[in-house]
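Counting starts at 1 for both ligands and their atoms, following the listed order. No experiment lies behind these values; they were computed from the predicted model shown.
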Amino acid sequence: MTAGRRMLKTGGVALAAILAIIGVAVVSTAVLRARPPHLPATSSFANKLAVPPLATARRHGSDVTFYLRLRQGMSDFGRGVMTRTWGINGNYLGPTLRARRGDRVTIHVTNGVTESTTMHWHGMHLPARMDGGPHQPIAPGSTWSPTWTIRQPAATLWYHPHPDGHTADQVYRGLAGMFIIDDDQAARLALPHRYGIDDIPVIIQDKLFQSDGQLQRSPRGISNVGLLGDTILVNGTPSPYRTVTTQRIRLRLLNASNARVYNLGFSDKRNFALIGTDGGLLQAPVPLTRVQLAPGERAEIVVTMHPGEHLALHSYPPALGAGFLASRLAGGSDSFDVLQLRAADRLAHNPALPHHLVAVPALRAESATRTRTFELGEDEINGHHMDMSHIDQTVTLGATEIWNVTNHDGSPHTFHVHGVQFQILDQNGAAPPPALRGWKDTVYIAPETGIRLIMQFTDYADPAWPYMFHCHILRHEDAGMMGQFLVLASGQRPAPAMSAMPPAPSGPQPGMTGISELGMSAVGRPLTGLDR
Ligand SMILES: [Cu+2]
């Protein structure tokens with residue numbers, strides 16, 4: 001080796017060493033900085049929890065009509081200034097819709113904000129054209145009036161906009177609300193059921209604020225899941241407390257956040273009873289100390305209180321199953337207070353929980369006629385971005401199917417299916433934990449894991465209007481981690497093009513209310529390339 005080459009080699013080694021040191025420094029700095037905005041572990045619990053009002057319903061027998069108006073508003077989030085927000089019949093969030101199984105509901109949704117939107121009934125079993133997905137846009141100033149009959153058990157559902165590519169921002173600004181379904185079976189059970197007294201909606205969201213007190217609407221710093229906030233709101237109230245006047249209180253927990261996963265439990269680690277999941281009540285109450293909710297998921301819990309005590313509902317670091325950095329970036333190390341329950345000195349009696357709740361007939365893998373696979377990764381499902389003009393899957397009416405969903409990109413994801421409730425057969429081959437054995441429509445899927453869902457497509461074949469399946473981390477959904485499926489009757493063929501649908505009749509018709517206001521041009525591209 002010549003002296004020159006030796007020098008080069010030595011220089012090369014030195015250079016490599018320097019680069020390695022710089023690399024380590026950069027990575028360490030990234031790891032240290034790679035955390036979501038700081039969330040204080042404890043709250044002052046300074047504000048009385050707001051409870052969304054029940055929406056006023058116009059009822060004639062089993063025909064129920066609701067009116068929702070999306071509007072701009074101003075909200076006091078304790079920032080010293082009013083924050084510009086969006087709301088439904090109010091400044092922030094919307095009223096709680098409540099209807100019974102068997103009711104024929106009609107909901108007039110008027111768009112009073114400046115952007116086109118949609119309104120999706122999350123968890124509802126209904127015709128695809130009433131679903132409020134991206135194919136049912138509501139232009140500013142116009143009204144959309146979907147109608148359907150409720151054919152599913154008592155459950156805690158919710159509603160929120162679902163415009164293609166713009167869901168995250170509209171939900172974040174305040175467009176969301178709860179939708180409670182009642183039925184006779186649930187009414188016969190001795191469960192706390194008085195809305196706003198011993199049955200309380202708990203809509204959990206996290207927000208970021210700019211220094212001027214307005215909502216920060218894009219993530220700060222590096223993020224794999226989108227916007228994580230440093231302020232928790234429950235029903236729009238920061239640092240909330242709630243006075244409890246009964247021995248037992250039922251909390252209808254809804255994660256209406258864009259990206260954050262909560263792992264909820266009480267500060268003294270007491271047991272509570274999980275009584276329901278996304279799609280309804282469980283077979284029996286399950287005693288738990290923690291329940292984890294990813295965006296879109298719900299849980300109904302009942303907690304027993306002692307006179308005079310103050311009890312905090314807290315979110316512990318969620319089990320995201322991601323690598324150190326991916327977990328940290330997704331809020332996996334955060335621990336913070338959510339809501340304080342303040343028991344009165346004397347608590348009214350309510351009965352002990354029943355040992356049995358409702359029958360949840362298990363869907364059996366042997367009954368499935370088809371298995372589909374869904375691979376989530378890189379803002380795609382099965383290697384494809386959401387395309388409004390492309391149907392990804394077609395399902396036959398009446399079929400029972402297994403959907404095998406896997407997460408391939410190291411980031412947390414969830415999977416939500418429209419139009420149906422599913423059951424979980426297994427997670428990575430293991431039986432699901434008790435908290436995941438009821439009806440579900442949204443489920444967390446950790447990186448490099450898989451889950452098998454089973455579902456039945458019992459109603460509502462439609463050759464033209466698709467349902468959606470997607471990740472409910474809203475930034476991922478907006479970025480394209482979504483697909484579409486049609487439910488077709490046996491022998492039915494997909495409509496060649498939505499634009500070829502006959503013009504909608506003017507005036508309401510049974511099952512077709514408001515179709516004339518759907519903005520057909522947005523769905524005018526031909527549907528091609530089935531089952532790619
Ligand atoms: Cu995702």
Exercise. Can you list, by chain and residue number, the protein N, O or S atoms under 2.8 Å from the Cu ion (ligand 1)?
Key: H413 ND1, C471 SG, H476 ND1
Self-check item: Donor + acceptor pair across side chains of H120, T167 (<3.5 Å)
Solution: no
Practice problem: For A55, check side-chain contact (heavy atoms from CB on, under 4.5 Å) against everything at least two apart and list the hits. | Solution: F66, P95, L97
Quiz item: If we ignore angles and hydrogens, is there a donor and acceptor under 3.5 Å between the side chains of H470 and H476?
Solution: no
Self-check item: Parallel, tilted or perpendicular: ring planes of F415 versus F374, cut at 30 and 60 degrees
Solution: tilted
Quiz item: Is the centre of the W158 ring less than 6.0 Å from the centre of the H416 ring?
Solution: no
Exercise. Could you tell me whether the side chains of H390 and H384 share a donor-acceptor contact shorter than 3.5 Å?
Key: no
